[in-house]
Amino acid sequence: MKIHLRVWRQAGPDAPGDFKTYAVDDVDPSMSFFDMLDHLNESLAERNERTIVFDHDCREGICGQCGVVIDGRPHGPGRATTSCQVHMRDFPDGATIVVEPWRAPSFPIDCDLVVDRSALDRIIEAGGYVSVKTGAAPDAHAVPVAKPDAEAAFDAAACIGCGACVAVCKNASAMLFVGAKVTHLASLPQGRVERAERALGMVDAMEAEGFGGCSQTGACAEVCPKEIPLTTIARLDYEYLRARLLRFIR
Amino acid sequence: MRIYPAAHFTMGGLWVDYHLMTSVRRLYALGECNFADHGANRLGANSLLQACVDGNFILPATLGHDLADVVGRGEPDPRSPAFAQAQRAVQDRIDGLMQTQGSTTPRAYHRRLGALLWDRCGLSRSADGLDEALAHIDALREDFDRDVRVVGRPDAMNPELERALRVRDFIDLAALMVRDARAREESCGAHYRIEHQRADGEARRDDDRFSHVSAWQHGEVPTHHAEPLSFSLSHPRVRSYTS
């Protein structure tokens, strides 16, 4: 296969960026999208040119490190897949593919296709945790959890924090991400202690980081590689309202 | 489903004590970066085992133990001689890589190293193959230090530089793995020495001489330490898929 790539190139956070076009020869249809980028990078290195920087780690869709916009869609054409799970067989021979970084004011571009997602880490710091006593770990069956609660928590915990929900949202909102974290922890007895503080803290942090609000278009759930459902946003609204009411009553 | 064996784990890691502390005081190695749990073979999908065990059962105790010793002591001083020395060592390494300006990319060395290990320190190993591998790795290291090409800048985000640093470490790690495989004159778990097999092709262990974990102390020529394995509840037996 032969592929034409239009890639966003930006040398650093403050450098100007622009699209640059590359012709990539000898692309095998069985290559993953990132294999193809590696292949291009190797030829760039051989020509003494700066290689295209992109985030990646596990390359099996579980770590949340990767994420690029491929032809206008975060994580590319597939459903419930990350960028590393896109394969070249999904594109016709001779195709022109446009590759961009996540675009959101809260995700400044570090270099080429890499954005700084530490805003999500700071939201987690504002409540995305549970307090545990140090010392010997409790027995696994010491805290009973009802099966439906465990399932709900686990479905929400599938969020890998990649940021595709933010990248696709017209408001650059992080509601699906925060909704997933709040739903995960609020569904479990271990998460009840900080339940109200968590909802308030994470929503405040989200707003302080400049993420937008939710207009319920559902684009986030559509591109989410882990299919986090839109209902987690409803759960976040519920938890937030509940926390505000509790604060008012007290 | 098609199944094919693949190299994806080093079958070893940093030596740690029961608090998961390395030989460097207060430097802990949790999870699969330490040597502790998997034994002679780590099968696929077992990665969570060590993460969960170390994280759930050992970390809470280790953390409290460690903090009790240091709370109130203040932060380490980044201007201390030890810090400056470490920083200089890293900077010298980076400068060296950037100045080499050779003709071969780090990825090309990575491939050559991978092929070398796959052929001679892979599913089956022999004394001759391992001796050859060690010589080849030494040659590859010399070649790398003379002819590596790192494009891009050292003061910006640069995955080529990162890869060069890693691959250079992989070369040293590969030499260690080969040295360890050469020293272990038995077949055990993922380590299958063709000289040590039974008539039916099964692995032949030598528990009298090798029922131990090897720890190699860093140095020009690594020093070997053996930590004996003792079994009280279940005892090592001969592997059999038929009975």
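Protein chains get the first letters and strands the later ones, always in sequence-line order, with residue 1 at the start of each. Remember, predicted model here, so these are calculated numbers, not experimental data.
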Close side-chain approach of A:N48 to B:R149, heavy-atom, < 4.5 Å: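 Of all side-chain heavy-atom pairs linking B:R149 with A:N48, at least one is under 4.5 Å.
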
Just wondering, more than 12 heavy atoms not from [X] lying within 6.0 Å of its [atom1]?
| X | atom1 | result |
| --- | --- | --- |
| A:H4 | NE2 | yes |
| A:F19 | CZ | yes |
| B:H218 | NE2 | no |
| A:R47 | CZ | yes |
| A:E197 | CD | no |
| B:F231 | CZ | yes |

Smallest separation among heavy atoms of B:T105 and A:A45, with atom names: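 That closest heavy-atom pairing would be CG2-CB, 3.7 Å.
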
Closest approach of B:P159 to A:V53 (non-hydrogen atoms, all atoms of both residues):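 What the structure gives for the nearest pair is CD-CG2, 3.6 Å.
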
Atom [atom1] in [X], atom [atom2] in [Y]: separation rounded to 0.5 Å?
| X | Y | atom1 | atom2 | answer |
| --- | --- | --- | --- | --- |
| B:M157 | A:D55 | CE | CG | 6.5 Å |
| A:T51 | B:R107 | OG1 | CZ | 8.5 Å |
| A:L44 | B:E160 | CG | CD | 9.0 Å |

Which portion of A:D112 sits near chain B, non-hydrogen atoms under 4.5 angstrom: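 For A:D112, neither part sits under 4.5 Å from chain B.
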
